[in-house]
Colleague: 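Let me give you the structure first, and then I'll get to my questions.
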Amino acid sequence: MGWKGEDPYAGQRPEATLGASFSQRLAVWLGTGLGIGLVVPVAPGTFGSLPGVAAACLLAAWCPVWAQVVVCVLLTAAAVPICTCAERALKKKDDGRITADEWMLYPIATVGLPLLEQPWLIPLTFVVIRVLDVVKPPPARQVQFLREGWGIVADDLAAQIYALGVNWVLFWWLF
């Protein structure tokens, strides 16, 4: 993923790498998907996406499409400094435990979709989002090498935009 060499913090308890300040602890908590990335031993990005599912459902229930777009822009903008701060606190380049990019950008791929009226869309969009996040079609793979939070968030932003298109095509095709 861009990190070269042995991780000097591997095997340590997460508390050992959280940092002393409240803002660092908050950034790590938000950055790791409300702590999910710190406790799951496998697929932290998949499990760390779950708060994003809840966020997408809340946006679909409470917000018109224009407001969903505004919230998605704000979440994306907030994800960059959160991921940067979490990466610095965890002392590892693009640490897999950092999942803010997954959960904070998740709603992008569901903008305008009737998630609550058509609940079958929830697992479908989840699978599409996770597959595109793993596959990282161009330019997603290329932009992940940007510095700090920019690289962590940029590849997911590209993947989420692709996922939005795929999810809408599947919705039109299946509905």
Colleague: What residues form a side-chain contact (heavy atoms from CB on, under 4.5 Å) with Phe126, not counting sequence neighbours?
Modeller: Thr46, Ser49, Leu50, Val53, Tyr106, Arg130
Colleague: Under 3.5 Å, is there a donor-acceptor pair between the side chain of Trp103 and the main chain of Pro51?
Modeller: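 Flag not set: sc Trp103 to bb Pro51 has no pair under 3.5 Å.
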Colleague: Closest approach of Asp101 and Val153, non-hydrogen atoms and distance?
Modeller: CB-CA, 4.2 Å
Colleague: Could Glu87 and Lys92 be called an ion pair, given the rule that one side-chain N must be under 4.0 Å from one carboxylate O?
Modeller: no
Colleague: Among residues at least two apart in sequence or on other chains, which ones pass side-chain contact (heavy atoms from CB on, under 4.5 Å) with Pro114?
Modeller: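 For Pro114, the residues satisfying side-chain contact (heavy atoms from CB on, under 4.5 Å) (neighbours in sequence not counted) are Glu117, Gln118, Leu121, Phe171.
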Colleague: About how many Å separate CH2 of Trp120 and CZ of Phe175, when rounded to the nearest 0.5 Å?
Modeller: 7.5 Å
Colleague: Might you point out which heavy atoms bring Leu30 and Ala100 nearest each other, and give the distance in Å?
Modeller: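 Taking every non-hydrogen atom into account, O-CB, 3.8 Å.
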Colleague: Which heavy atom of Leu132 sits nearest to which heavy atom of Tyr162, and what is that distance?
Modeller: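 So the minimum-distance heavy-atom pair works out to CD1-C, 3.8 Å.
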Colleague: Could you check if a side-chain atom of Ile82 sits within less than 4.5 angstrom of a side-chain atom of Leu26, using non-hydrogen atoms only?
Modeller: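 The answer is no; the side chains never approach within 4.5 Å.
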Colleague: Residues in side-chain hydrogen bond (donor to acceptor under 3.5 Å, both in side chains) with Gln68, at least two apart?
Modeller: none
Colleague: Distance check, rounded to the nearest 0.5 Å: Ile152 atom CD1 versus Leu157 atom CG?
Modeller: 14.0 Å
Colleague: Is a side-chain donor or acceptor of Ser21 paired with a backbone partner of Gln24 at a separation under 3.5 angstrom?
Modeller: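 Side chain of Ser21 to backbone of Gln24, a donor-acceptor pair under 3.5 Å: yes, one is there.
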Colleague: Taking Asp156 as the fixed residue, which of Ile108, Asp133, Ile161 is the one that meets the side-chain contact (heavy atoms from CB on, under 4.5 Å) rule?
Modeller: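 Looking at Ile108, Asp133, Ile161, the match for Asp156 under the side-chain contact (heavy atoms from CB on, under 4.5 Å) is Asp133.
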Colleague: Any chance you could measure Leu170, atom CG, to Thr125, atom OG1, to the nearest 0.5 Å?
Modeller: 10.0 Å
Colleague: Do you know the tightest heavy-atom contact between Val111 and Cys72?
Modeller: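 Scanning both residues, the minimum pair turns out to be CG2-SG, 3.8 Å.
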Colleague: Shortest non-hydrogen contact from Ile98 to Glu102?
Modeller: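 Smallest interatomic distance, heavy atoms only, reads O-OE1, 3.9 Å.
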Colleague: State whether the side chain of Thr99 and the backbone N or O of Gly33 hold a donor-acceptor pair below 3.5 Å, judged by distance alone.
Modeller: yes
Colleague: Are the side chain of Thr32 and the backbone of Gly37 linked by a donor-acceptor contact shorter than 3.5 Å?
Modeller: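 Not a single qualifying donor-acceptor pair exists.
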Colleague: How long is the span from the CD1 atom in Ile122 to the CG atom in Leu115, to the nearest 0.5 Å?
Modeller: 5.5 Å
Colleague: Please round to the nearest 0.5 Å and tell me the distance separating atom CG of Asp155 and atom CG of Leu105.
Modeller: 9.5 Å
Colleague: Nearest heavy-atom pair of Pro107 and Met104: which atoms, and what distance?
Modeller: CD-O, 3.6 Å
Colleague: Should Leu174 and Val169 be counted in the same cluster of Ile, Leu, Val, Met, Phe, Trp and Tyr side chains packed under 4.5 Å apart?
Modeller: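 Different clusters.
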